[in-house]
Amino acid sequence: MMMKMPWRRKSRSFHLQLQGAIGTIQSPFLFLFTNYFHSSTSTLEDARFLTNNFKSASFTHLDDAIASFNHVIHMNPLPSRVHFNRFLSALAKMKQYHFLVFAFQTISDHFREALALLKEMVGRNISPNVFTFNILIDTLCKKGLVSNAENIIKIMIQRGVEPNVVTYSSLMDGYCLCNHMDKAKKLFDLMVTNEIANIFSYTILINGYCKYKMIDDAKDIFVEMSHKGLVPDVVTYSTLIEGMFQAGRPQTAQELFKDMCSHGQQPNIVTFSIMINGLCSQGNLDDALTLLKKMEESQLKPNLVTYCILINGMCKAGKINDAKELFSSLFENGLQPDVYVYSAIMKGLFQQGLMDEAYKVFKDMEKVGCLPNNCCYNIIIQGFLKHEDLPKASELINKMVDKGFSADVATMELVVHLSQNNDLMD
DNA sequence: GTTTTACATG
């Protein structure tokens, strides 16, 4: 009896603390925790499956987390009730530790609260380990709160928890994200000196350099990697390949792709998508389509991202009929286009002056429950503005504003331009 | 018995 009680009691009290820490946010999610935390039976596979689904979304807010959760459980053809109950039972099965890790992932937005909870944990001799700290640090870094992450690292050292390669790699990524490449490089050099840098550390730095078009530095790190006996994997290659395309070096990108294949690294969907996107941006639709064939031959099914890239590429090359055909084939293959795909085809249709068709796509997407986002509204409004259908444009602008979206720079410029040249607008 | 880091689409 006495043996079982403590963790149950503790988790209950931590749950209440968590609720307190998050404060006034009334969340159905927390309500679920309250009701189901102690209940019944499930397996760890369930837990992993569901938390993975849950984690795959990037949360910017607790409400987003709830929204994503709702999305997961409403996915077709999975019965939402089953998912729902499995998720909750899985949580119930999790021990306190998992709960806390999970809690951190959902509340690390609320940095002060997370810190308060951390102190509570330490005060109760349930000190978080390096995994827990790493989750928190990584989340902070991804949100650009790097100095907060640095403070957490100080705290963990004070608590006798040794930061590891994951901790420092996350911090490096944080530095890269806010364009502190010098800091990232300094940290990286320290990691190399201490011989803890791994393939993740190298790829993170390469990615950072690529994002800021410092392609030669990226290449240097890539070369240095091999000298240290580290074998670049498909992610490392993909990162550098994309960097090369964006730096206007498609030739080198294609050489890297060949190099990767000849070194026995099987390109994955992302690699192919990066290559196809790069080739399309070069206006090289033919080679892009050849790669698509190659991709399908290696039993890789293109996903929505790949199709979106291809539709963009076809529209850009003026092959609107091919794009339309590809778009319809999605439905035949049982894929439901997302906002990105709808935006791509709409933009293409407008470019060809096919206003009615574009507008039909716009209405269709609402019908199937794929709600237009800010970008969709801007595309369609720009389309009507460019073809000087002002009544339709202003109707849609009103609708957009009603939905809480706003005109982007390009839309504004068109409005200004038209109002200068056209007395119909004031 | 369990948890952490890198790549793609408007």
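Per chain, numbering begins at 1; letters A, B, ... match sequence-line order. Quick caveat: nothing in here was measured; it's all calculated off a predicted structure.
- When each of B/dC7, B/dA6, B/dA8 is scored by its nearest atom to the side-chain atoms of A/Ser273, the top-ranked nucleotide is B/dA8.
- The interatomic distance linking A/Leu300 (CG) with B/dC7 (P) rounds to 19 Å, in whole Å.
- You'll find that the side chain of A/Asn268 is closest to B/dC7, out of B/dA8, B/dC7, B/dT3.
- At a cut-off of 3.5 Å, with distance as the only test, no side-chain donor of A/Asn207 or A/Thr239 sits close to an acceptor on the other residue.
- Residues A/Asp173 and A/Ser170 bring no donor and acceptor atom of their side chains to less than 3.5 Å of each other.
- With rounding to whole Å, A/Leu335 atom CG is found 19 Å from B/dT9 atom P.
- One atom, CZ of A/Phe272, and another, C1' of B/dC7, lie 15 Å apart when rounded to the nearest Å.
- When rounded to the nearest whole Å, the span between CE of A/Met191 and P of B/dT5 equals 14 Å.
- For the pair A/Tyr340 and B/dT9, the ring geometry does not qualify as stacking, because the centroid separation below 5.5 Å and plane angle under 30° are not jointly satisfied.
- The stretch residues 306-326 of chain A participates, sequence neighbours left out, in these side chain to side chain donor-acceptor pair (under 3.5 Å) pairs: A/Ser273-A/Thr306, A/Asn303-A/Thr306, A/Lys324-A/Glu357.
- Residues A/Tyr175 and A/Lys185 bring no donor and acceptor atom of their side chains to less than 3.5 Å of each other.
- The side chain of A/Val166 lies closest to B/dT4 when the candidates are B/dA8, B/dT4, B/dA6.
- For B/dG10, its base sits under 3.5 Å from the side chain of A/Asn373 at one donor and acceptor pair at least.
- Regarding contacts with the backbone of B/dC7, a side-chain N or O of A/Asn207 is found under 4.0 angstrom from either OP1 or OP2.
- At whole-Å resolution of the value, CG in A/Leu291 and P in B/dA8 are 18 Å apart.
- At a threshold of 4.0 angstrom between heavy atoms, the contacts of A/Asp338 with the nucleic acid are absent.
- Between A/Ile269 atom CD1 and B/dT9 atom P the separation is 15 Å, expressed in whole Å.
- Distance NZ (A/Lys142) to P (B/dT4): 12 Å, rounded to an integer number of Å.
- With hydrogens and angles ignored, no donor-acceptor pair under 3.5 angstrom links the side chain of A/Ser170 to the base of B/dT5.
- An aromatic stacking contact links A/Phe200 with the base of B/dT5, defined here by ring centres under 5.5 Å apart and ring planes under 30° from parallel.
- Residue contacts for A/Asn378: at a heavy-atom cut-off of 4.0 Å it reaches no nucleic acid atom on any strand shown.
- Set against B/dC7, B/dT4, B/dT9, the side chain of A/Lys211 has B/dC7 as its closest nucleotide.
- Within the structure, every side-chain polar atom (N or O) of A/Lys316 is placed at least 4.0 Å from both OP1 and OP2 of B/dG10.
- If you measure from atom CG of A/Asn277 to atom C1' of B/dG10, you get 11 Å, rounded to the nearest angstrom.
- Under the rule for a side-chain hydrogen bond (donor to acceptor under 3.5 Å, both in side chains), A/Tyr377 has no partner lying at least two apart in sequence or in another chain.
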